[in-house]
Student: 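Would you mind keeping the following structure in view while I ask a few things?
Residue numbers run from 1 in the order of the sequence given. Atoms within a ligand are numbered from 1 in the order they appear, just like the ligands themselves.
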Amino acid sequence: MSAPAASIVPKEHVGLSGAEAARRLAEHGRNEIQRGETRSAWGVLLEQFRSPMIALLLGACAVSALLGEHADAIAIGAIVVLNALIGFAQESRAERALLALRSMTAPRARVMRDGYAVQLPAAEVVPGDVLLLEAGDIVAADARLYEAHALATNEAALTGESAPVDKAARPVAGDAPLAQRTDTVFLGTAVTRGTGLAEVQATGMSTELGKIAHLLASTGETETPLQKRLEQVTRTLLMACGVVVVLVAALGLWHGEGWMGVLLSSISLAVAAVPEGLPAVVTIALALGVQRMAAKHALVRRLQAVETLGSATVVCTDKTGTLTTGTMEVREVWGPDERAVLFTSAACCDASLGPDGKEGTGDPTELALLRAALAKGIRREELEGERPRVKVRPFDSETKRMSVLRADGVLYVKGALEVLLPRCRAGTEGAVEATRTLAGRGLRVLAVARGQGEEEEGLELLGLVGMADPPRPEAVEAVAAARAAGVRTVMITGDSPETALAIGRELGIVRPGEDAAELIHARVTAEDKLRIVRRWKERGEVVAMTGDGVNDAPALREAHIGIAMGRTGTEVTREAADLVLTDDNFATIITAIREGRAIYENIRKTLVYLLVGNVGELTVMLAASLVGLPLPLLPLQLLWINLVTDSLPALALVMDPARAELLSRPPRRPEEPMLGGHQWRHILLVGALEAAVVLGVFIWADPEQHVERARALAFSTLVFAELLRAFAARSATRIFWEVGPLTNRLLLGIVLFSAGLQVAIYELPAARGLFGLGALHTWELGLTFALGLIPVTALELSKLLRRGFPHHPSPSGRGTG
Ligand code: ADP
Ligand code: MG
């Protein structure tokens, strides 16, 4: 045996050897287009100083320096720099996570290596590789065609022309304009139909696309709608704060205070009002969420999807390979001559088995046929040698059939029975009944026929093949979980209605008494998919749609969440998708929906947690200046609270693990604001309570006489109140031990750490001096801790109380969990 046994193509198409390919990869470099879109580290760092908040703080720093408060100025400056560094670290981490994701969804290509078809990252394709093309591929390099069957590509990416261009192996003049080079396929263009074999001429920046790479706008998707909305919240707060500051300043001047004092209190107010930690918290929540989802086989290609996922109400999913395992097995062959049926199926295949005769590349349906044929001693490679292909009409889910004309003059055909029946003139008795029986058992049925000459007419039906493609066990659970979460599962398949219904029942997609017509769509084409998405959208549903086929891209784009299959899906659908499933598994979609909900809820409750703190601080400062008291808290103290003792617990809050009950609630309405009436009420009430406690202790300590001691008490009370409240913030309905104090150990650790830090400030005279605090007795520190317990206790009690009145549905039912 000289040539590799499993080679299915003529000798010149055996492809490169692995060693040769490695050598060429070193010589020509990776097959990648450089787009110069990555930001430099310095750029990211500088960006941290560009927010209005930082400008304000730097202003505060300058004013403090002017006022001669050098210690304050240095401390504020240090906190600003620290904040920028933390922001920088978080953003770089987030960016790295997203980059890693992008490389996981990087394009792939199929090439011949050492005589076998293999799939590899497109970046590893080298000049001289033999590229295998089929509908749905994105061409991985510029390549000259050896062979083309009904091949057409869409070259819009290159020429702007959106109509598919027919391709053929017939050479054209090398200097022809790009649009007329029909013997060449180009990197980045999409195969819209047909199959082909081509030799790679150029890769990476030497390709036609590479030459115009600098013209390509980078798709700058930098902010999600959520981040934009949060920015708006921050802006609104800044504005409100501006008004209050002006008010207080005017009041102070009217009271006859010096302008220095007025300036100081204005700055304090501004610092108090703004939730500095917010942007970082959101970035972290999204980046970590996306990483967590990736670990669970869901790759997010667009960040918006994270948010939309949580509110999905309908998931339209392919059956084959997603709800089912997709590893098919021939269970039954119907027909007078079993061998003829299998021989013909094997002669009409594009897939090829690997050396072990089990695994292979190509359509799982065809691999199953090839395995069944091999068991009868029929090898596709031998068949290709004896009677090479003359003409191929590849399978596509629109025509639902495939035919191959071979050198022996015989046309080998397979496809859905109702498509072949009108084309057959013999062998059809009993076929319809047999199909119904097989399909009723949930088997996927393929009809096999044979003819003479090129035309798909006057065929002889040889028989039927029934293939088992059992439901994934976890899909049954996932369908039930989706139902409990208020998410409908809609099954979509190209299979026959009988097969679809049988599988749909097994999966629990339709239950007795339910209307199957809405939930199960059989013999579906790509246009049907688009129609199905639109119909659900018109009803106001939030629709997720999976796709793998060449024509599915429009439906994926039309859906709120387009989902592509990472393993079996085509490159075209992966490009169009928001989410890629690396395991092609329906259950993963439901997991992703749960994570999406968790991320949203976490951001919401963290936002509420932070805003309560800001409102509390603002109220303290405002009330004190209205009644003419000294400033209860200094700018540096407020900064410390906002950037350290509030932001750290917030980081832990936003990483709260997803809880199971997130899937026992109906989805959030997409139009529901992140902060609704209930959230604002909560923020204002709890903020006011906290302010009352802090002001109370401040006034009790007689600030007119001992301002530093009074501030020390107020500061400490506020910090403890904030730290302790973090435990209550985890859920709007359940008290902290119901949530489980140990389920978020990070939060526990951070609160202990921050409390320790707080005590340290009081114990170290230098730190006390820096913060402008008087010394406290240990019992006084204990007192502030006890006072700090008031807001959290009130919160938890109110949760219990609300439960006592079941007639009043909890307004927070869909709230912060
Ligand atoms: P789905 O992927 O949604 O299950 P397909 O569009 O792949 O549906 O298949 C639809 C029908 O087309 C199948 O029921 C079968 O009869 C036929 N079919 C599927 N794969 C092939 C193929 N490779 N060659 C010929 N016919 C096929
Ligand atoms: Mg299919």
Student: Return yes or no for this condition: an N or O of F395 is under 3.5 Å from an N or O of ligand 1.
Tutor: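 For ligand 1, there is no N or O atom that lies under 3.5 Å from one belonging to F395.
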Student: Mark the output for D363 as yes if a heavy-atom distance to ligand 1 is under 4.0 Å, and as no if none is.
Tutor: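 Heavy atoms of D363 do come under 4.0 Å of ligand 1.
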Student: So for ligand 1, is E366 a polar contact partner (N or O within less than 3.5 Å, distance only)?
Tutor: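 Yes, E366 has an N/O under 3.5 Å of an N/O on ligand 1.
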Student: Under 3.5 Å, is there a donor-acceptor pair linking the side chains of H297 and T588?
Tutor: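 No.
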Student: What side-chain donor-acceptor pairs closer than 3.5 Å can you find for residues 422-436, not counting sequence neighbours?
Tutor:
{"from": "R423", "atom 1": "NH1", "to": "V419", "atom 2": "O", "distance (Å)": "3.0"}
{"from": "T435", "atom 1": "OG1", "to": "A431", "atom 2": "O", "distance (Å)": "2.8"}

Student: Please answer whether the main-chain N or O of M565 pairs with a side-chain N or O of R574 as donor and acceptor at a distance below 3.5 Å.
Tutor: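 No, because the side chain of R574 does not come within donor-acceptor range (under 3.5 Å) of the backbone of M565.
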Student: Answer with yes or no whether the side chains of E541 and T313 bring together a donor and an acceptor at under 3.5 Å.
Tutor: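 Side chains of T313 and E541: pair found under 3.5 Å.
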Student: Could you see which bit of D350 sits under 4.0 Å from ligand 1, with heavy atoms only: side chain, backbone, both or neither?
Tutor: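 Within the 4.0 Å criterion, D350 makes no contact with ligand 1.
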Student: Have a look at S345, G326, G494 and point out the one with the heavy atom closest to atom 10 (C) of ligand 1.
Tutor: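 Looking at heavy atoms only, G494 sits closest to atom 10 (C) of ligand 1.
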Student: Contact between D548 and ligand 1, counting heavy atoms under 4.0 Å?
Tutor: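 Not so, D548 does not reach ligand 1.
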Student: If only side-chain N and O atoms count, and only distance matters, is there a donor-acceptor pair under 3.5 Å linking R444 with T365?
Tutor: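 A pair is found: one side chain offers a donor N or O, the other an acceptor, under 3.5 Å apart.
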Student: Just which atoms of ligand 1 are under 4.0 Å from any heavy atom in S397?
Tutor: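 With S397 as reference, the close atoms of ligand 1 come out as 6 (O).
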Student: Can any side-chain N or O of Q119 pair as donor or acceptor with the backbone N or O of T361 at less than 3.5 Å?
Tutor: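 A pair under 3.5 Å: no.
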Student: So does E474 get a backbone contact from the side chain of E477, meaning a donor-acceptor N/O pair under 3.5 Å?
Tutor: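 Not confirmed, E477 side chain does not pair with E474 backbone.
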Student: Below 4.0 angstrom from a heavy atom of T493, which ligand 1 atoms are there? Numbered from 1 as shown, please.
Tutor: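 So the answer, numbered in order with elements, is 1 (P), 3 (O), 4 (O).
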Student: Tell me whether L446 has any N or O atom under 3.5 angstrom from an N or O of ligand 1.
Tutor: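 It does not: no N or O of L446 is found under 3.5 Å from an N or O of ligand 1.
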Student: Give yes if a backbone or side-chain nitrogen or oxygen of D495 is under 3.5 Å from a nitrogen or oxygen of ligand 1, and no if not.
Tutor: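 In this structure, D495 places an N or O atom under 3.5 Å from an N or O of ligand 1.
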Student: What atoms of ligand 1 come within less than 4.0 Å of a heavy atom belonging to R444?
Tutor: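 Atoms satisfying the 4.0 Å criterion: 1 (P), 4 (O), 5 (P), 7 (O), 8 (O), 9 (O), 19 (C), 20 (N).
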Student: Relative to ligand 1, is K319 under 4.0 angstrom through side chain, backbone, both or neither, heavy atoms considered?
Tutor: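 Under 4.0 Å from ligand 1, K319 contributes no heavy atoms.
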Student: What pair of heavy atoms forms the shortest contact from T317 to T546, and how long is it?
Tutor: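 Between these two residues, the closest heavy atoms are CA-OG1, 3.4 Å.
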Student: Compute the shortest N/O to N/O distance between R401 and ligand 1 and return yes if it is under 3.5 Å, no if not.
Tutor: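 Looking only at distances, the answer is no, because the N/O contact criterion of under 3.5 Å is not met.
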Student: If you count every heavy atom of other residues, nucleotides or ligands that lies below 6.0 Å from R379 atom CZ, does the total exceed 12?
Tutor: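 12 or below, so no.
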